Colleague: 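Could you have a look at this structure, given as structure tokens, before my questions?
Bear in mind the structure is a predicted one, so any value in this text is a computation, not a measurement. Both counts, for ligands and for their atoms, begin at 1 and track the order of listing.
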Amino acid sequence: MKDIAKRFPQNPLLSPSDLLPSHESLQIACLLNPGVFQFEGKTWMIVRVAERPIQKDDAISFPILTEAGIEIMEIHSNHPELDASDARVINYIGADYLTTLSHLRLLCSDDGVLFYQPKDYSILIGQGLLESFGIEDCRVSYIEGIYYLTYTAVSPNGVGVGLRTTIDWKNFESHGMILPPHNKDCAVFDEKINGLFYALHRPSSIAIGGNYIWMASSLDGIHWANHQCILKTRKGSWDSARIGAGASPIKTEEGWLAIYHGANEKHQYCLGAFLMDLENPSKVIARTEDPIMSPTENYELAGFFGNVVFTNGHILNPDGDTVTIYYGASDEFVCGAEFSIKEIFSLLQYY
Ligand code: MAN
């Protein structure tokens with residue numbers, strides 16, 4: 001198995017203690033899965049900040065957004081109807097809750113390594129009944145002067161894809177939920193193809209079907225149609241349980257190159273790549289067999305939820321070959337790594 005990621009020696013770039021919590025009653029448990037974009041000559045991240053109260057020894061407590069603001073739920077650890085075997089989600093009296101509440105925060109950097117929170121930019125928090133468990137894992141696409149933010153919207157109603165747009169990162173227009181539950185990992189292409197917007201997304205079927213990558217197109221970038229299933233999990237492989245797109249695919253002469261995450265039954269998250277036809281992107285023409293990146297470093301193996309590398313943000317460098325990915329490690333830290341597109345291509349197997 002070949003890991004071709006060149007990790008930043010400065011990793012992790014960001015840890016929970018590097019930022020201040022959004023509320024005095026909370027602490028930051030995880031900084032993860034940033035969307036990445038360029039704006040006003042700088043590299044920016046819209047990072048997922050997952051918060052919860054300081055935990056007591058004998059209880060689990062987590063915040064929920066209500067109309068009145070943040071409400072804290074506290075459950076005794078010994079409660080007979082509590083299943084807390086997953087650090088990320090709990091089941092309590094038959095209902096699922098997240099153990100943390102996520103918002104999105106803007107950070108910027110002059111060198112792509114040192115990120116800081118600029119003044120005068122607000123945090124983005126969940127709005128309304130479909131985002132009461134938070135907003136997560138934002139992808140940013142830039143199309144014809146508008147930034148499209150597609151993110152995971154979580155609530156007791158389910159997990160879906162929300163969309164907000166902006167031109168200045170200060171004023172946002174909310175378009176509500178564009179892909180209903182269960183759906184996440186939505187990445188809009190940075191460019192229209194033959195007049196249409198395209199997006200990768202990941203619905204999940206609970207009975208027939210699975211956690212596969214789908215493609216949709218749209219006339220306006222808001223209403224999506226023509227859904228097609230384009231990439232599936234592979235039995236017995238590193239991507240056997242679920243797959244999902246990373247950031248917007250990269251346009252190359254040979255096709256649209258997508259970096260995606262895959263997890264196996266043991267919840268190990270690795271990265272792979274696939275290539276879509278330039279004119280007809282719902283046609284996948286090649287895919288890597290093995291991961292191009294797997295959790296190997298301490299910060300990728302142990303943390304809030306260990307054994308995870310997950311990316312939803314990258315920058316294509318001016319040399320046209322180097323992609324800098326920013327990624328969540330162990331669902332707790334933000335890290336950086338570089339890939340060579342040529343090297344990724346050398347591992348693609350054409351169908
Ligand atoms: C999964 C994980 C969590 C995330 C929830 C809701 O359990 O990806 O990190 O909070 O889904 O999206």
Colleague: Can you tell which of E136, K184, R48 gets a heavy atom nearest to atom 8 (O) of ligand 1?
Modeller: K184
Colleague: Counting from 1, what ligand 1 atoms have a heavy atom of L98 closer than 4.0 Å?
Modeller: 5 (C), 10 (O)
Colleague: Counting only heavy atoms closer than 4.0 Å, does ligand 1 sit against the backbone of D137, its side chain, both, or neither?
Modeller: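 D137 to ligand 1: no contact under 4.0 Å from either part.
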Colleague: Students should be able to answer this: which protein heavy-atom is nearest to atom 7 (O) of ligand 1, and at what distance?
Modeller: V89 CG2, 3.8 Å
Colleague: Do M293 and E300 have side chains that approach each other closer than 4.5 Å (heavy atoms only, starting at C-beta)?
Modeller: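 Of all side-chain heavy-atom pairs linking E300 with M293, at least one is under 4.5 Å.
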Colleague: Could you tell me whether D86 and R88 make a salt bridge, using a distance below 4.0 angstrom between a side-chain N and a carboxylate O?
Modeller: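 Yes, charged N to carboxylate O under 4.0 Å.
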Colleague: What about F115 and Y326, are their ring centers closer than 6.0 Å?
Modeller: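 Ring centres of Y326 and F115 closer than 6.0 Å.
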Colleague: What protein heavy atom sits nearest atom 2 (C) of ligand 1, and how far off is it?
Modeller: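 The protein heavy atom lying closest is R88 NH1, 3.6 Å.
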Colleague: Are any of the N or O atoms of T152 closer than 3.5 Å to those of ligand 1?
Modeller: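 No.
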Colleague: May I ask you to decide whether K6 forms a salt bridge with E338, counting only side-chain N to carboxylate O separations under 4.0 Å?
Modeller: no
Colleague: Has N298 got more than 12 heavy atoms of other residues, nucleotides or ligands less than 6.0 Å from its CG?
Modeller: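 Incorrect, the count does not exceed 12.
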Colleague: Check for me whether K192 meets the cation-pi criterion with Y198, that is, NZ or CZ under 6.0 Å from the six-membered ring centre and within 45 degrees of the ring axis.
Modeller: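 Judged by the rule (NZ or CZ under 6.0 Å from the ring centre, within 45° of its axis), K192 is not positioned above Y198.
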Colleague: Does some non-hydrogen atom of H267 fall short of 4.0 Å from ligand 1?
Modeller: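 Per 4.0 Å heavy-atom rule, H267 does not contact ligand 1.
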